[in-house]
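Accompanying notes for the structure given below.
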2 protein chains.
Amino acid sequence: MSRSKPTIDDVARVAGVSRATASRVINNAPGASGPLRVRVQEAVARLGYRPNEAARALASGRPRVVDVIAVSCDLPGGWLGSNPYYGRVLAGMMPLLEGVGAQLRVHALTHESAAGALDELAANVTLGAVLSDITPTLAARFHRRCRRVVSLVPTAATVPAMVADNIGGAYAAVTHLHRLGRRRIAAIHGPLISTCAADRRIGHLRAAQQLGLAEVSADAAFTREGGYRAAQRLLEQHPDLDAVFVACDLMAAGVVQALTAGGRRVPEDVNVIGFDDSVAAVCANPPLTTMRLPVEEMAAAAVRLLLSGDVPPGHRELFPAELVVRQSTGSPTVG
Amino acid sequence: MSRSKPTIDDVARVAGVSRATASRVINNAPGASGPLRVRVQEAVARLGYRPNEAARALASGRPRVVDVIAVSCDLPGGWLGSNPYYGRVLAGMMPLLEGVGAQLRVHALTHESAAGALDELAANVTLGAVLSDITPTLAARFHRRCRRVVSLVPTAATVPAMVADNIGGAYAAVTHLHRLGRRRIAAIHGPLISTCAADRRIGHLRAAQQLGLAEVSADAAFTREGGYRAAQRLLEQHPDLDAVFVACDLMAAGVVQALTAGGRRVPEDVNVIGFDDSVAAVCANPPLTTMRLPVEEMAAAAVRLLLSGDVPPGHRELFPAELVVRQSTGSPTVG
DNA sequence: GATAAGGGCGAGAGCGCTCTCACGGGAAGC
DNA sequence: GCTTCCCGTGAGAGCGCTCTCGCCCTTATC
């Protein structure tokens, strides 16, 4: 049937060679040469042959797929739509995968469905999985079932991870505000379930203690609304605050809005510093000073480790957070 | 070997049934019943059996995978990291795919590599492909090679599409500004290569003509920087403008910043209206009035069509853009 | 000139699963 | 009590590919 897609057998027949030789040529493997190579290539071109991924995966036992897994609190995929952070993860992986002809599969799970779904996923991991958001317990469980996995957030010690220096970043952020002469520095932290948020909290507390600052803080979800409301609360309780350290840019954008709405000028009256350097930081007005996380680099490093085939348990690389100064802390820098 | 993963044969042996029956139970297919069902399920649980996706895909001839394809101008994946729009596409598809146990594969292509890569992809499309960003030519080519495809942007007429009413939305946006009493309305359009941008331009021009407005506009890339610079240019040439229609929120966030930097108050001096209702719109300060596109719904509708199995060429559904009023056009609404 | 060594090539056995088909036994119909 | 039908079950043939073998022909070695 000319209707159905050509298979490698068709190619072999047309080229007048065996299926094995056709396979060798198609995969650029040694052991076939000269005129046969050309004949096979011609046949491929003539038939418009494209290898079937599924068959290739089954026969070789190692499909070329990297899975990205995020466990979020709410709707499956809710995070992807609202938090620009995750886009950077995918963006960082893409060029590398492109290079080796691997594919990217995205899985968004809710906490309820996570346990079962993760087992299912673990059984079908091929090149490897990247955990972009997950709790330590679930990560450890996943790692127990599948070794080819790298986490992008701090988790159990055994799980290989490419993690940002959240503690150091938060510490540096608070220190920066202090250096600018701010003394009544409040903090808005993320949800406790997030290990990133927990680390940023630690960094903040450490800095506050060392600098002798009062520990003024509020908790919020990693959303703009969360930041907005937390800032309102903070403003009520501490109307004289002169700086806010916010654990995520999305929240920080809300904080700036709340401050403006509350009659404060940013940065003149109150300095704001965010975290992540996501699109929310540059879209805020004024643009946010923030701690840039090399998310793309971390994601790329995770993929590189997975592609290397050797993912030692406990392997951990720490990526520094870098201060990006924009206008929300008083710099004249303009985008 | 207890080392290697259990197969369906192992399950069948342990359960004391045939492979066929095991398959029936595992897939919830009719034709197996009573005690056998239980025995198979017990065996599955005991062995920790998980079906192999690749084998399943090969044998059934229809792997459960939906591909999302975007062709961007720059780096592979660059768009994903910088434009929150695409996250919404993925988020919209996720719940539906979850429901049917299908997977989501993401492909980010550059214009150079697109042609060849698209052919490759078209040959391996299974449940279907969603084109989230592509030129009409490439879309038509893809559709010629693979019918199971839906575009989320306006393309060639033959390609099935779930598209937003970009023309009507832009028209409504400009009309809204006019209704607020604004008369010196400028526009910032997106790149010509984007059909969405082209349609929004048409809508703007149509409204400008009907309302008797001067056609003041600038072009920019769909980025915050692009919006910022275009606004600066516009402000130089037309310092008296009192409103700006911007073809995308990301640009609009930059526009607000440029206006603020140029000493204009938003919304008092200049009204700004964006497009998309992305995270950039709510992060901007003041939050942006914008034309909300039901991106998630469009993406979901695309998936639903693909899952239905019947994707008639030329099929097209138009999704209305909805005005979301926030502060950048003077409303007192606060997030 | 005989034997060893090497490399190109094809035959064929799976990879783990789905699905068709044929079989057999119990219920229904006469 | 015999035929007919139906439904639960198992045997087995692939799905399209990779990869191991072993064959055979060529080249190197003594």
Side-chain angles (χ1 to χ4, degrees), chain A residues 1 3-41 43-44 47-65 101 103 120 122-127, chain B residues 1 3-41 43-44 47-65 101-103 120 123-127:
Chain A
M1 235 32 192
R3 195 63 252 145
S4 60
K5 292 200 233 171
T7 72
I8 199 171
D9 284 301
D10 298 324
V11 172
R13 196 169 341 104
V14 169
V17 301
S18 74
R19 196 185 333 131
T21 298
S23 175
R24 285 183 191 108
V25 174
I26 289 162
N27 293 294
N28 264 321
S33 74
L36 288 200
R37 275 204 126 69
V38 177
R39 263 158 59 197
V40 171
Q41 278 156 358
V44 166
L47 296 173
Y49 168 78
R50 302 283 169 176
N52 175 315
E53 287 297 341
R56 197 175 250 196
L58 179 59
S60 68
R62 43 178 162 59
R64 320 232 66 191
V65 176
Q103 302 182 328
E120 181 87 39
N124 277 294
V125 160
T126 59
L127 278 178
Chain B
M1 233 36 191
R3 194 64 250 144
S4 61
K5 292 199 235 174
T7 72
I8 199 172
D9 284 302
D10 298 325
V11 172
R13 196 169 340 104
V14 168
V17 300
S18 74
R19 196 183 336 130
T21 298
S23 175
R24 284 185 192 107
V25 175
I26 288 161
N27 292 294
N28 263 320
S33 73
L36 289 200
R37 275 202 126 70
V38 177
R39 263 160 58 199
V40 171
Q41 278 156 357
V44 167
L47 296 172
Y49 167 78
R50 301 284 168 176
N52 175 315
E53 287 296 339
R56 196 176 250 195
L58 179 59
S60 69
R62 42 177 163 62
R64 319 233 66 190
V65 177
Q103 303 181 328
E120 181 87 37
N124 277 294
V125 161
T126 59
L127 278 178

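The sequence lines fix the lettering, A, B, ..., with proteins before strands; numbering per chain opens at 1.
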B:S23 vs C:dT18: side-chain N/O to OP1/OP2 distance below 4.0 Å: yes
Sugar-phosphate, base or nothing in reach of B:P51, heavy atoms under 4.0 Å: sugar-phosphate
Between P of D:dC15 and CG of A:D10, the distance in whole Å: 11 Å
Whole-Å gap separating C1' (C:dC17) and CD1 (B:I26): 10 Å
Distance, rounded to the nearest Å, where A:L58 contributes CG and D:dC15 contributes C1': 9 Å
side-chain N/O A:N27 vs D:dT18 OP1/OP2, d < 4.0 Å: yes
Reported CZ-to-CD1 distance for the pair B:R19 and B:I8, which is rounded to 0.5 angstrom: 7.5 Å
Rounded distance in Å - CG (A:L47) to P (D:dG16): 14 Å
Spacing between B:R37 atom CZ and D:dG8 atom P, to the nearest angstrom: 10 Å
Within-4.5 Å side-chain heavy-atom neighbours: B:V40 and B:V11: yes
Nearest-Å distance for atom pair OH/C1', residues B:Y49 and C:dG16: 7 Å
Verdict with supporting geometry, B:V25 and B:L36, side-chain contact (heavy atoms from CB on, under 4.5 Å): CA-CA 8 Å; B:V25 175; B:L36 289 200; 5.7 Å; no
Interatomic distance where CG belongs to B:D9 and P belongs to C:dG14 [whole Å]: 13 Å
Straight-line distance of A:L127 CG to A:Q103 CD, nearest 0.5 Å: 10.0 Å
Selected nucleotide, minimal atom distance to B:R56 side chain, candidates D:dC17, D:dT18, C:dC17: C:dC17
B:A43 to B:V14 - nearest heavy-atom pair and separation: CB-CG1, 3.8 Å
d(CZ, A:R39; C1', C:dG8) in whole Å: 13 Å
With 3.5 Å as the limit, what N/O pairs link the protein to nucleotides 10-13 of chain D?
unit_1, atom_1, unit_2, atom_2, d
D:dG10, OP2, B:S18, N, 3.1
D:dG10, OP2, B:S18, OG, 3.2
D:dG10, OP2, B:T21, OG1, 2.7
D:dG10, O6, B:R24, NH2, 2.5
D:dA13, N6, B:R19, NH1, 3.1

Step-by-step side-chain contact (heavy atoms from CB on, under 4.5 Å) determination, B:N27 to B:R56: CA-CA 11 Å; B:N27 292 294; B:R56 196 176 250 195; 3.2 Å; yes
Under 3.5 Å: donor-acceptor pair, side chain of A:R39, backbone of A:A15: yes
